[in-house]
**Student:** 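I am attaching a structure below and will ask some questions about it afterwards.
Start at 1 and go down the list; that is how both ligands and their atoms are numbered. Positions are given from 1, in the same order as the sequence printed here.
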Amino acid sequence: MFTLGIDIGSASSKAVILEDGVRITAGRAVQAGTGSSGPQQVMEELFAQCGLTRDDIARVAATGYGRYGMTWADNQVSEITCHAKGVNFLFPQARTILDIGGQDAKAISISGTGRVLSFFMNEKCAAGTGRFLEVMSRILDIPLSGMGERDALGQDGVEVSSTCTVFAESAVVSLLSQGVEKNDILRGVHNSVVSRAVGLLFRTPMEPEFVFTGGVAQNTGVVRAMERELKRPVLVSGQAQLTGAIGAALMAWEGLKKE
Ligand code: ADP
């Protein structure tokens, strides 16, 4: 039986179809979130990818900031619960999660069965989130998908404020006008995101098996900056941006089993 998890965030729409709660049949992400055509587009692309239709889906769970807009879903589930479930599916050994999405960052501590033990969240400020990176991508004229590669060509040493996106934006414009190498500025930008987001982790029990999720985990520059800062390897799935949608599809499967 197939279940569907849909995760509508501020920056992107993600959807995953799971077979019998164990196999990922299809997964898509569209870089347009709540209040846009992203949710409809991701569903069209998802069904086109696997050849299934809505009638093949036994149950649907929605998560993310825009989950209540998905009125056709059977139920709505919190993002924290879905991230915990999704990580437990991808990395059963993991106990600590850092999720960086479009407009927030969360540190989550989970049990061996994927139950949330505690979490901390930054949702008040764009610094340390994907939004900060979107602003920097525009100023530096480097696409989000190319930031990891360009970071690898840069050197450490440029400081970029992690306290405020507006200050950081004018500081980066000023660095550019002084002729500072773009790749070096990008290193500073990635270090800044990490120093802000990692602050959340110090409030969570930090277990050795540590997973980085969310759209920002696709940026290998941020992953390397995190490994430098934490002095440990960071687990990242090729499906990092789909983690919440995977968790939602698992919640739908659990709901089906209870029925
Ligand atoms: P949300 O769930 O809040 O909508 P996501 O978890 O999808 O957000 O993360 C969105 C962020 O992911 C963007 O703000 C951007 O910084 C980053 N991102 C999106 N696509 C890419 C990509 N191809 N490479 C690197 N970073 C990306």
**Student:** Are Q31 and Q41 close enough that a side-chain donor and a side-chain acceptor fall under 3.5 Å?
**Tutor:** no

**Student:** Under 3.5 Å, is there a donor-acceptor pair between the T81 and S78 side chains?
**Tutor:**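 The criterion, which ignores hydrogens and geometry beyond distance, is satisfied for S78 and T81.
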
**Student:** Could you walk me through whether M1 and E19 satisfy the side-chain contact (heavy atoms from CB on, under 4.5 Å) test, starting with their C-alpha distance in whole Å, then the side-chain angles of each, then the deciding distance to 0.1 Å, before giving a yes or no?
**Tutor:** CA-CA 6 Å; M1 264 193 286; E19 186 177 4; over 6 Å; no

**Student:** Is there a donor-acceptor pair under 3.5 Å between the side chain of D74 and the backbone N or O of R59?
**Tutor:** no

**Student:** Can a donor-acceptor pair be found between the side chains of D156 and N191 at a distance below 3.5 Å?
**Tutor:**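 Yes, a side-chain donor-acceptor pair sits under 3.5 Å.
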
**Student:** Can you list, by chain and residue number, every protein residue with a non-hydrogen atom closer than 4.0 Å to ligand 1?
**Tutor:**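 Answer by chain and number: G9, S10, A11, S12, K14, Q31, G101, G102, G130, R131, L133, E134, L144, S145, G214, G215, V216, Q218, N219, Q241.
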
**Student:** Does a donor on one side chain and an acceptor on the other come within less than 3.5 Å for D99 and T213?
**Tutor:**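 Yes - a donor-acceptor pair under 3.5 Å links their side chains.
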
